[in-house]
Amino acid sequence: MHGSDAIGSPYAPHTDEERSKMLEAVGAETTEDLFDIPSAVQFDGEFGIDARSERETRRLVRSILGRNDTLTELLGRGHYGYYIPSLVDHLADRSEFLTSYTQYQPEVSQGFLQVLFEYQSLLVELTGLEIANCSMYDAATALGEAATLAERVRGTSGHRVLVPDILLEGRRSTLENYVAGTDLVVEEYPTAAGTVDLDALEETVDDDVVMLYAENPTVRGTIEEGLEAIGDLATAHEALYVLGSDPIALSLLQRPADVGADVVVGDASVLGLPTSYGMGLGLFATREDYLRQVPGRLVGASEDATDRRAYTLTLQTREQHIRRERATSNICTNQAWVALRTAIHAASLGPHGMVNLAKRGVTRAESLAQRLDDLVGVTAPIDDGRHLREFVAHVDQPAAPIASDLEKRGFAVHVVGDHQLQVCVSGVSDAKIDQFVAAFREVAR
Amino acid sequence: MHGSDAIGSPYAPHTDEERSKMLEAVGAETTEDLFDIPSAVQFDGEFGIDARSERETRRLVRSILGRNDTLTELLGRGHYGYYIPSLVDHLADRSEFLTSYTQYQPEVSQGFLQVLFEYQSLLVELTGLEIANCSMYDAATALGEAATLAERVRGTSGHRVLVPDILLEGRRSTLENYVAGTDLVVEEYPTAAGTVDLDALEETVDDDVVMLYAENPTVRGTIEEGLEAIGDLATAHEALYVLGSDPIALSLLQRPADVGADVVVGDASVLGLPTSYGMGLGLFATREDYLRQVPGRLVGASEDATDRRAYTLTLQTREQHIRRERATSNICTNQAWVALRTAIHAASLGPHGMVNLAKRGVTRAESLAQRLDDLVGVTAPIDDGRHLREFVAHVDQPAAPIASDLEKRGFAVHVVGDHQLQVCVSGVSDAKIDQFVAAFREVAR
Amino acid sequence: QYEPLLAEKDLTRVEIGDDDDSPLPDDLTRDSLELPELSEPELARHYTRLSQMIYGIDSGPYPLGSCTMKYNPKFTEDVAALPSAAVHPDRSERSTQGTLELMYRLQDYLGRIGGMDAVTLQPPAGAAGEFVGIRVAAAYHEHNGEGHRDEVIIPESAHGTNFATAALGGYDVVSLPSDDEGRVDLEALEAALSENTAALMLTNPNTLGLFERDITEIAEMVHDVGGLLYYDGANLNALLGRARPGDMGFDVMHYNVHKTFATPHGGGGPGAGPVGVVSELAPFLPSPRVRESEGGASEPTYELFDPDHTIGKVHGFQGNWLVLVKTFAYIARLGDAGLADASAKAVLNANYLASQIEYDVPYEPFHHEFVASAGEQDAADVAKRMLDFGVHPPTTKWPEIVPEALMTEPTEVESKATLDRLAAAFNAVADEDDDTLETAPDRTTARRIDQTSAARSPRLSWHALEDE
Amino acid sequence: QYEPLLAEKDLTRVEIGDDDDSPLPDDLTRDSLELPELSEPELARHYTRLSQMIYGIDSGPYPLGSCTMKYNPKFTEDVAALPSAAVHPDRSERSTQGTLELMYRLQDYLGRIGGMDAVTLQPPAGAAGEFVGIRVAAAYHEHNGEGHRDEVIIPESAHGTNFATAALGGYDVVSLPSDDEGRVDLEALEAALSENTAALMLTNPNTLGLFERDITEIAEMVHDVGGLLYYDGANLNALLGRARPGDMGFDVMHYNVHKTFATPHGGGGPGAGPVGVVSELAPFLPSPRVRESEGGASEPTYELFDPDHTIGKVHGFQGNWLVLVKTFAYIARLGDAGLADASAKAVLNANYLASQIEYDVPYEPFHHEFVASAGEQDAADVAKRMLDFGVHPPTTKWPEIVPEALMTEPTEVESKATLDRLAAAFNAVADEDDDTLETAPDRTTARRIDQTSAARSPRLSWHALEDE
């Protein structure tokens with residue numbers, strides 16, 4: 001008997017009769033007899049978790065999550081809410097994609113392997129680098145892995161990992177944890193007006209630097225203008241030049257390979273995922289030189305016994321299940337299904353759609369900045385240069401109460417300083433932008 | 001170029017280059033040259049329908065439908081809102097099911113044919129009749145088809161089709177349309193206290209009756225106690241005995257074959273569909289005797305060239321695409337996908353689940369009736385006998401304003417008389433029932 | 001791979017009676033119920049495997065002539081699944097303004113597209129739409145004291161539903177032969193028309209894909225004898241934005257939304273068959289329809305109403321509502337430009353495909369579909385063999401005016417590459433011998449299925465199989 | 001059937017520069033972007049076909065040892081897809097009470113299930129959970145002035161992630177041999193333990209499915225030298241409701257939600273690897289965690305806080321939130337009784353399956369999984385051949401303690417009928433000769449794939465294929 005009346009797991013199919021037959025086959029009287037647990041460590045308490053019907057469970061989760069306010073999020077800073085075509089959900093939710101395991105048996109996993117191969121190809125095109133893995137957890141962990149790669153390829157000759165002073169705290173802290181087991185030290189270099197302060201950077205870079213990290217756009221939405229100069233500095237000191245970006249930015253902005261980047265990291269799920277409380281997809285691409293040192297899974301093309309093209313996980317000797325403590329990373333389960341979503345989203349945009357989405361990210365952000373700048377008590381953007389998606393605004397009034405007032409009117413923005421708010425346009429409709437400007441006018445003066 | 005910027009259908013893949021090549025191949029300069037439409041009837045106006053992006057279209061529909069109030073529906077009378085397991089949506093939405101055509105090429109349609117075969121088997125088990133077709137549009141049209149079947153199998157010897165006086169107007173009117181092209185006449189027989197008035201029925205039945213229709217449960221939720229007697233009357237006068245019911249009722253109530261029914265009609269989508277503004281699934285089952293006269297599609301078992309079991313549409317010579325004006329019905333497109341949903345829902349309930357759902361329909365309806373009866377100014381149920389799912393209550397105050405007041409409190413009920421309301425429990429949670437009783441207490445006194 | 005029937009996996013009998021917890025006396029209940037009882041994982045696998053044994057529109061080209069199997073945009077499923085779409089039909093108009101507004105707007109869209117004055121959304125399928133058309137015609141004639149009209153004229157090449165519907169409506173069918181060019185023979189029409197003519201049912205372009213060039217004259221002839229002209233909307237995908245039935249003189253038409261407006265066919269249904277009419281016929285449409293309420297609310301409100309001389313209902317409630325939501329979404333997405341482009345590319349695709357295949361196409365100029373002839377080959381066998389090439393075959397053996405007909409409609413959603421692949425399949429089969437064709441398919445999961453024995457000794461349920 | 005790469009269907013180059021409508025000067029932009037440009041119908045077909053070339057849990061049994069591939073309840077997708085679940089992590093606590101409450105409740109659930117005092121949900125996968133455990137251990141020792149501890153002890157049969165994680169954390173790995181019965185060798189443990197021991201990482205039941213009967217003694221030994229005991233949660237599905245790591249003396253553990261709590265594995269991820277600790281270690285957990293706010297609101301409110309000596313973050317935000325929603329829903333659905341029943345049936349299924357196969361199972365009594373030996377056959381070939389029987393094979397060649405290991409975990413979701421089918425596949429392969437095995441599979445769409453040449457000359461993108 002199944003369904004909501006059953007006592008036990010609703011997903012275990014055994015009838016009483018079947019259970020009896022199975023017990024008989026194994027020579028046990030009860031399932032309890034099959035457990036070999038010393039009585040001292042047996043648990044005879046209760047968790048105190050009630051079982052619920054499917055309907056009640058759905059109602060419970062809906063009711064809990066219903067406590068989240070419905071807000072228009074003008075939020076970015078590393079996590080974005082672009083519109084996702086319906087196609088993405090419908091295809092990614094096909095259970096063959098959703099419920100399969102890592103492709104250790106490629107003969108029955110060709111479909112997913114091909115998706116991951118295509119995802120890798122997308123990143124190769126976007127970055128201009130020859131190798132992309134088929135996912136890390138998120139931008140922060142990809143950055144951490146880049147540092148351990150830097151340590152491996154540079155050996156023991158240096159210790160310093162340089163990151164911008166405006167780096168997101170989550171990325172900085174994750175990076176610190178990743179290098180905690182090494183001799184590396186994370187240090188900040190200064191930025192000015194939201195982008196790299198080249199002179200200051202030049203002063204601090206020396207041969208002890210094994211990795212130099214920059215982002216484009218920066219966390220403040222500014223487009224970095226000195227990418228090539230930064231790369232030259234890294235090269236001059238044989239430091240690994242690691243660039244942080246994402247697929248939409250990469251569709252329009254300078255190609256990392258063209259400015260000398262050795263590694264590109266970032267969050268690829270700006271395509272494919274809605275805002276998911278920070279859940280992401282770690283992008284990781286690098287030069288062919290580091291092929292045997294890359295962390296994470298790689299899918300390669302091969303042939304099957306009939307000489308037809310086939311795909312397979314490859315270079316697995318880098319990985320933990322084979323190389324154990326000498327693996328290039330401890331990553332096992334990654335974000336493959338998110339990579340699928342990103343690949344489908346990118347494919348449905350196509351190159352024109354991706355470039356246009358990025359262009360609109362520039363024009364819409366700059367247009368909103370202009371409109372806010374026109375308001376009494378607001379200066380926007382406060383950083384020089386060009387912006388993608390988001391920008392920081394100065395407000396004459398204290399920022400936190402303004403953000404709070406905006407929230408009451410249905411809009412969420414970032415507070416990034418006592419008098420600084422950050423605002424992001426991605427995924428926000430023009431009509432909502434109009435309403436936001438009207439609300440801002442009311443609260444900012 | 002595709003996507004939201006494209007002018008034209010977003011679902012037509014042609015690039016300009018491809019279009020040119022194709023035009024060249026057919027020897028035309030433009031696609032317009034391919035149209036052979038006399039200028040007199042060419043349309044050179046505009047529909048005035050704006051194209052929208054997918055996102056805007058979704059927003060538009062959401063905004064329009066957002067004007068529907070969110071109400072707890074204690075509504076039934078032929079259309080019900082049972083909880084549908086998540087499994088049903090996930091499986092039925094698989095695009096192979098959703099997007100395939102009628103199974104005219106069975107070799108590449110085995111999966112759907114098997115589903116329909118299993119659906120037919122479900123109905124055979126529920127009704128006890130040997131044949132069930134794989135769907136009509138809804139209960140009303142199935143009733144209409146039953147009348148034309150009656151005409152065919154009885155020949156020209158009779159004209160009267162007898163239906164209960166409490167028959168739903170939509171069913172009655174649809175039936176009238178179905179028999180409009182025949183010599184049949186639809187007449188009412190009286191009911192008393194919500195069920196068939198056997199004496200009155202006996203008085204009106206004669207040899208001119210070709211079909212006698214009864215429902216179990218009736219539209220007022222009452223369980224018919226005289227099914228066998230009605231059947232005997234029909235048999236005595238060689239009239240086709242047609243019974244209206246549904247899969248949940250049939251799981252518990254008397255089996256139609258056991259009371260002499262010749263045909264069972266009804267709405268099978270009480271399993272599988274949420275309330276869908278009346279969208280349904282016409283159930284149609286009958287005796288083997290009428291095999292060659294059945295309307296609608298039938299799936300049969302057969303073998304393929306390797307002697308393995310295979311399924312196919314069968315007895316198609318009854319159908320319009322072959323028999324044309326001598327077909328047993330004009331139905332072509334039916335409700336196959338809804339039948340799939342019903343089959344999955346029934347399978348996930350299993351026989352225990354189905355029987356229990358029906359039992360709960362009895363106990364919960366009777367319990368709610370009792371609780372309402374306890375209120376000042378309310379008598380419930382007003383019909384004698386037992387009830388399934390729903391019942392009629394008498395209210396001392398005028399019914400319409402009470403219903404209106406309930407609606408303001410978030411509950412929808414039927415007004416079925418100046419002082420009569422009908423209330424249905426299916427799909428309504430216990431917690432909501434409690435709230436409903438509380439609201440009713442306030443408005444009824 | 002063979003997937004057992006549910007009943008072959010499990011059958012569990014539940015006994016029902018006074019002795020258990022039944023809330024009813026046992027003379028009101030059945031004795032038992034025997035059905036499969038399986039867990040959710042087992043069911044998920046069953047239906048997943050079955051789905052994998054089905055060719056759908058996402059599997060490849062589906063060029064069934066007159067069926068317009070086009071891609072079903074995924075997003076339309078999302079809007080139909082909105083909780084706000086799930087309403088009971090007996091709710092008050094006040095609490096269902098969203099549903100009423102969507103229906104009102106869809107009525108309006110369809111009226112514009114077809115050039116019709118009034119539209120009902122109630123018919124749950126195309127054939128039901130035809131039935132409404134025939135019933136409206138009957139009511140109209142009756143209302144005018146012309147109840148004697150008892151004939152409906154239908155071209156031989158018309159869809160089978162036309163004949164069956166006219167018969168269901170109680171009419172005698174007068175069958176009309178085609179002329180040499182595959183169109184309505186005006187002389188034969190003249191001969192068929194009389195004071196007993198209730199209506200002429202016409203598909204335009206017809207099932208050969210040909211536009212009835214004499215449509216204005218045909219309309220005049222029908223109207224001159226007091227008949228009505230019915231437009232079968234099955235082939236409307238050829239004409240969007242280029243010609244409208246209303247402008248051609250048609251009085252009543254149905255729309256096949258799963259064809260023209262891309263709602264999924266669901267392996268057989270549900271569809272929807274809205275009917276449009278000229279203003280003279282509007283009073284006869286089914287009840288209820290939707291209109292804007294009078295009175296000056298800031299936002300328009302909507303209400304149901306019964307047309308003055310309504311024929312009543314042809315569906316218990318309001319038809320296939322969820323399908324109508326998808327229809328609205330499709331039209332709102334494409335707009336004027338998208339709809340016109342769909343037709344243009346549907347016609348281009350048919351012409352291109354025809355130019356690439358070796359089979360003869362005797363009638364032209366066709367539009368969205370063409371009918372090739374398999375010549376010496378058996379068209380049904382050709383279809384079976386095409387399955388082996390991984391594509392879905394065309395409709396076969398109909399219309400009969402073309403010997404061994406291969407009625408082919410690629411629709412606008414196929415790319416040139418897909419059409420080339422489809423043409424290659426046609427041409428590969430064209431070169432094969434009868435032996436190969438007769439035993440085809442041999443690369444599909446199920447091989448050629450014996451349909452004759454299925455009909456000779458029908459086994460229509462798992463109960464029927466038990467006896468074997 | 002072969003499905004071409006997207007790039008083989010189309011590649012379109014978009015030029016970017018001052019001359020077009022670019023809003024940026026061209027020294028800030030790339031020159032061009034070349035990617036496939038295909039229509040929605042073409043993409044729907046591409047990914048639908050690819051999906052059909054994948055064996056998923058809805059295709060059949062998936063008995064990968066240590067992977068706990070159980071059925072993923074469909075409804076958990078629905079709750080994760082609720083619009084109210086889609087929130088930005090930088091929103092105010094006030095506006096995200098729903099998210100915080102769900103996280104708080106899930107922390108609580110997991111704590112009860114594991115017998116742990118505090119839980120973090122941040123680690124985005126099991127290996128990340130291990131990393132948190134190692135980092136917490138390091139921080140704890142450092143805090144206690146014992147930063148010199150530089151060794152982590154790991155049994156030879158442990159999961160590869162244990163070794164890799166310890167190394168990533170900067171530890172030297174001390175590998176521990178098994179005793180004759182397949183469990184921790186206490187003498188060897190004694191020898192390995194020292195004042196340099198930071199932690200012992202243990203899986204229980206271990207990868208042979210055996211419960212470490214001496215767990216209490218092991219815990220004492222580790223604690224006696226000042227080390228911590230880490231529980232690898234990969235095999236927790238064996239013990240739900242019967243034993244808890246916290247009660248066994250473990251100080252820190254991770255949960256694999258895609259194993260124990262049925263969240264879908266997604267072809268490789270995302271998972272989530274929450275970490276539970278005893279109260280002593282709670283101050284070192286990653287920031288932020290969720291707690292109930294103080295103050296007497298009628299409804300409890302929740303807030304984020306940083307543990308006093310937090311190690312900081314191991315994920316840019318809060319981990320794989322949507323996976324956590326599914327985890328919560330699964331646990332709330334099953335409750336105490338369901339969870340305990342899942343373990344009971346998982347163990348029953350493993351024992352039953354082992355009893356039905358011809359391969360030898362050297363170590364017992366096992367619980368949710370067993371490791372059979374392919375004997376003279378090559379275990380990897382056995383796996384390939386099993387594919388031909390339509391089932392997924394077990395994990396192979398690991399743990400190495402069993403020659404030619406077939407590490408098999410059927411989970412609780414398989415019915416007896418499915419286990420019988422799986423056993424039949426094992427037994428059919430057991431009888432086959434090496435020639436058959438070496439060339440298998442031959443009934444799958446792709447035949448045996450050459451993995452050596454893939455690694456020798458890696459081609460990792462369609463760009464790499466272009467040069468061929």
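Hydrogens, waters and symmetry mates play no part in the numbers below; they use all other heavy atoms, side chains included. Everything quoted here is computed from the prediction, not taken from an experiment. Residue numbers begin at 1 in each chain, while the letters A, B, ... track the order of the sequences.
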Practice prompt. Could you have a look at A/Leu253, A/Asp267, A/Val299 and say which one has the most heavy-atom pairs with chain D under 4.5 angstrom?
Written response: A/Leu253
Worksheet entry | Spacing of D/Ile311 atom CD1 and A/Thr174 atom OG1 [to the nearest 0.5 Å] | 9.5 Å
Fill in: A/Tyr11: which of D/Arg333, D/Glu412, D/Lys345, D/Lys70 passes side-chain contact (heavy atoms from CB on, under 4.5 Å)
D/Arg333
Worksheet item: Highest number of heavy-atom pairs under 4.5 Å with chain D: which of A/Ser121, A/Gly278, A/Gly181?
Response: A/Ser121
Discussion item. Shorter than 4.5 Å, heavy atoms on both sides: which option in D/Ala138, D/Ala81, D/Gly241, D/Ala128 has the most such pairs with chain A?
Written reply: D/Gly241
Worksheet item: Non-hydrogen atoms of chain A under 4.5 Å away: do they reach the side chain of D/Gln318, the backbone, both or neither?
Response: both
Item to complete: Indicate whether any N or O donor in one side chain lies under 3.5 Å from an N or O acceptor in the other, for A/Asn68 and D/Thr99.
Response: yes
Fill in: Inter-residue atom distance D/Leu6.CG - A/Phe117.CZ, 0.5 Å rounding
11.5 Å
Worksheet entry | Top contributor to chain D interface from A/Cys134, A/Ala301, A/Ala305 [non-hydrogen pairs under 4.5 Å] | A/Ala301
Worksheet item: What's the spacing between D/Phe317 CZ and A/Tyr277 OH if we round to 0.5 Å?
Response: 11.0 Å
Worksheet item: Distance from A/Tyr311 atom OH to D/Arg459 atom CZ, nearest 0.5 Å?
Response: 9.0 Å
Worksheet item: Do D/Thr445 and A/Gln110 meet the criterion of a side-chain donor-acceptor pair at a distance under 3.5 Å?
Response: no
Item to complete: Drop me the distance from D/Leu43's CG to A/Leu91's CG, to the nearest 0.5 angstrom.
Response: 8.0 Å
Practice prompt. Would you mind checking which part of D/Pro83 comes under 4.5 Å of any heavy atom in chain A, side chain (CB onward), backbone (N, CA, C, O), both or neither?
Written response: neither
Worksheet, complete the sentence: Taken to the nearest 0.5 Å, the spacing of D/Ile54 CD1 from A/Arg94 CZ works out to 9.0 Å
Discussion item. Testing D/Leu168, D/Thr165, D/Val173 one by one against A/Glu325 for a side-chain contact (heavy atoms from CB on, under 4.5 Å), which residue passes?
Written reply: D/Val173
Worksheet item: For the residue pair A/Pro351 and D/Val14, what are the closest heavy atoms and their distance?
Response: CB-CG2, 3.6 Å
Item to complete: Please name the pair of heavy atoms, one in A/Phe112 and one in D/Gly267, separated by the smallest distance, quoted to 0.1 Å.
Response: CE1-CA, 3.6 Å
Worksheet item: Looking at A/Ser302, A/Ala339, A/Gly350, which has the largest count of heavy-atom pairs under 4.5 Å with chain D?
Response: A/Ser302
Discussion item. Let's go through D/Glu77 and A/Leu98 carefully: what are the C-alpha distance in whole Å and the side-chain angles of both, what is the deciding distance for side-chain contact (heavy atoms from CB on, under 4.5 Å) to 0.1 Å, and is it a yes or a no?
Written reply: CA-CA 10 Å; D/Glu77 296 306 312; A/Leu98 193 64; 3.4 Å; yes
Fill in: Closest-packed option against chain D by number of heavy-atom pairs under 4.5 Å, given A/Arg58, A/Arg171, A/Gln120, A/His321
A/Arg58
Worksheet item: Have D/His392 and A/Gln105 got a donor and an acceptor in their side chains that come within less than 3.5 Å?
Response: no
